[in-house]
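Values reported hereafter were calculated over all heavy atoms of this structure, with side chains retained and with hydrogens, waters and symmetry mates removed. Sequence lines set the chain letters: A, B, ... in the order given, protein chains first and strands last, and positions in each chain run from 1. All figures in this text were calculated on a predicted structure; none of them were measured in a lab.
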Protein chains: 2
Amino acid sequence: MKTDLRISKTKDALRGALMHLLKQKGLNSISVTELCQLAKVNRGTFYAHYGQVENLFEEYFKTIMKDLADSYQEPYKHVRNLLSKDVNPATIRIFHHIEKYETFYRIVFSKTVPLSYYYLLFDHIQTLIRDDVSEHYLDRLDIDISMVSAYQANAILGLAIEWHRQDFKQSAEDMNRLLVRILSI
Amino acid sequence: MKTDLRISKTKDALRGALMHLLKQKGLNSISVTELCQLAKVNRGTFYAHYGQVENLFEEYFKTIMKDLADSYQEPYKHVRNLLSKDVNPATIRIFHHIEKYETFYRIVFSKTVPLSYYYLLFDHIQTLIRDDVSEHYLDRLDIDISMVSAYQANAILGLAIEWHRQDFKQSAEDMNRLLVRILSI
DNA sequence: AATTTTATTGTACACTTGTTCATTAAATAT
DNA sequence: ATATTTAATGAACAAGTGTACAATAAAATT
């Protein structure tokens, strides 16, 4: 059973309007009313699908996260030679992913956005890292794998935050090199 | 010139009401109206001091950050013996600080809160670490100190996030030991 | 092509928000 | 103690929020 044409039409219009407005103002200052006016969708229809503007954004977020997961599957080319044995390829993929969706991540890392978006990203990276970590620490049953992966995942995100602060002036390639250097110290 | 008694009276009432409501619901679902009703303060008065509920919370936040800065100055007793040469005492202080203000940090780490609070905490820890890092990397002028400190600061916060997720079941002491173990691997 | 199902619309409602301003009351200064 | 300054109040405003429901229109099904 495929989704009703009217529904996807409405959702496309709302997503388009949101993307348009996000280039002008922050997520929290976009009202349901103006969003619906721009999308030419009835306000009641919006509430039938989403409870608040954030929910609409989150739906978009999931498609981006999907891409991150997919990019993890992709074969590695240009960075493999950089990698030391301590670097998880998954972690190093993140910077290219952020670069690709820069406009989007400018929102995700903006101050006014709820912490939940950061957590969604964190979760994703933590999961990617966890598999690698649990292999590496197979012999040490005494240490909490969740803690180790949380530590490593968030360290990477620390670099991403600083990258955002410096207005993404470095290239993703630069960030990869930086990460390798930090890990090798 | 000291602050007007009426102002501090109003602010105390508002802060008290906020703390009371935060035990029941999330920050974002507290309306200005209900806050003022509980505090017995006119809604117009609220807006004279704060633009939104978040601003009131941020005022409280700053007093907590002050405590974190102060605790950094305190002489070290019970953890010094644990420290390897690679561990910055500042970083290891953070877990005791979070434990002390657990109620508060349950809010700071909750999903619905704006990312700006996380950044305030991040900034603070990054600054504390930066001094230590710049000493350590004095010879390596090619590496961005902000990046290294962002990496390390956020790694610690990753542990704090995971700690929060596990409902703070470990003691601050446990977290310190864990950090030392991770760093020594 | 006709029928059934279901999404969208328009309208209405009570409520919250953010702002303004004259009035009142409380604190500070004389 | 009185005068002056300044904060708090109450009322009113336009606009947004969230919800409900009957009427309509557009899909899906037969």
Side-chain angles (χ1 to χ4, degrees), chain A residues 1-60 62-63 107 110-114 116-117, chain B residues 1-60 62 107 110-117:
Chain A
M1 201 206 297
K2 48 188 161 187
T3 47
D4 197 303
L5 272 184
R6 290 169 292 185
I7 294 179
S8 46
K9 209 172 145 188
T10 304
K11 288 194 169 187
D12 286 352
L14 285 171
R15 177 174 295 187
L18 179 65
M19 289 305 121
H20 188 262
L21 287 171
L22 278 174
K23 285 167 192 160
Q24 297 164 25
K25 49 168 81 178
L27 188 68
N28 59 336
S29 56
I30 295 173
S31 74
V32 176
T33 302
E34 70 176 329
L35 185 75
C36 291
Q37 279 171 349
L38 187 62
K40 286 174 182 166
V41 163
N42 191 276
R43 212 161 53 84
T45 307
F46 173 89
Y47 282 111
H49 293 292
Y50 311 97
Q52 49 196 42
V53 182
E54 280 74 14
N55 296 1
L56 172 59
F57 182 79
E58 277 153 30
E59 200 179 60
Y60 180 52
K62 278 173 191 162
T63 68
I107 298 157
S110 66
K111 290 184 176 185
T112 53
V113 126
S116 56
Y117 301 155
Chain B
M1 202 205 296
K2 49 188 160 187
T3 48
D4 197 304
L5 272 183
R6 289 167 292 182
I7 295 178
S8 48
K9 209 172 147 190
T10 304
K11 288 194 169 187
D12 286 352
L14 285 171
R15 176 173 296 188
L18 179 66
M19 289 305 120
H20 188 263
L21 286 172
L22 278 174
K23 284 165 191 160
Q24 297 166 26
K25 49 169 81 180
L27 188 68
N28 59 335
S29 56
I30 296 172
S31 74
V32 175
T33 302
E34 70 177 327
L35 185 75
C36 290
Q37 278 171 351
L38 187 63
K40 286 175 183 169
V41 164
N42 190 274
R43 214 160 50 83
T45 306
F46 173 90
Y47 282 110
H49 293 293
Y50 312 97
Q52 48 195 43
V53 182
E54 279 75 13
N55 296 0
L56 172 60
F57 182 79
E58 276 153 31
E59 201 177 61
Y60 181 52
K62 279 174 191 162
I107 298 158
S110 67
K111 289 182 177 187
T112 54
V113 124
L115 190 54
S116 57
Y117 302 154

Set out, line by line, the N/O atom pairs under 3.5 Å between protein and nucleotides 20-25 of chain C.
none

Review point. Does a distance-only test, which skips hydrogens and angles, find a donor-acceptor pair under 3.5 Å between the side chain of B:Arg43 and the base of C:dG18?
Key: yes

Atom [atom1] of [X] to atom [atom2] of [N]: distance rounded to whole Å?
X	N	atom1	atom2	result
B:Ile7	D:dT6	CD1	P	10 Å
A:Tyr50	D:dG18	OH	P	16 Å
B:Ile30	D:dT17	CD1	P	20 Å
A:Leu35	D:dG18	CG	P	13 Å
B:Asn42	C:dT17	CG	P	14 Å
B:Asn55	C:dG18	CG	C1'	13 Å
A:Lys40	C:dA7	NZ	P	24 Å

Practice item. Select base, sugar-phosphate, or nothing to describe what B:Ser31 touches, counting heavy atoms under 4.0 Å on all strands. Key: sugar-phosphate

Review point. Checking all strands, does A:Asp4 fall into the base, sugar-phosphate, or nothing category for heavy-atom contacts under 4.0 angstrom?
Key: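 Here A:Asp4 touches the backbone only, sparing every base.
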
Check your understanding: Out of curiosity, A:Leu22 CG to A:Ile30 CD1, how far, rounded to the nearest 0.5 Å?
Key ->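 Answer rounded to 0.5 Å: 4.0 Å.
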
Practice item. Could you identify which residues of residues 14-24 of chain A place a heavy atom less than 4.0 Å from some atom of DNA chain D, listed by residue number, or say none? Key: none

Practice item. Kindly say if A:His49 contacts the phosphate of C:dA7, meaning a side-chain N or O under 4.0 Å from OP1 or OP2. Key: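 For C:dA7, OP1/OP2 do not have a side-chain N/O of A:His49 under 4.0 Å.
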
Study note, to complete from the structure: Heavy-atom nearest nucleotide on DNA chain C taken for B:Thr33 and for B:Leu5; more 5' hit belongs to B:Thr33

Check your understanding: Roughly how bent is the helix from C:dA1-D:dT30 to C:dT30-D:dA1 end to end, in steps of 10 degrees, with each end axis from five pairs?
Key -> 30°

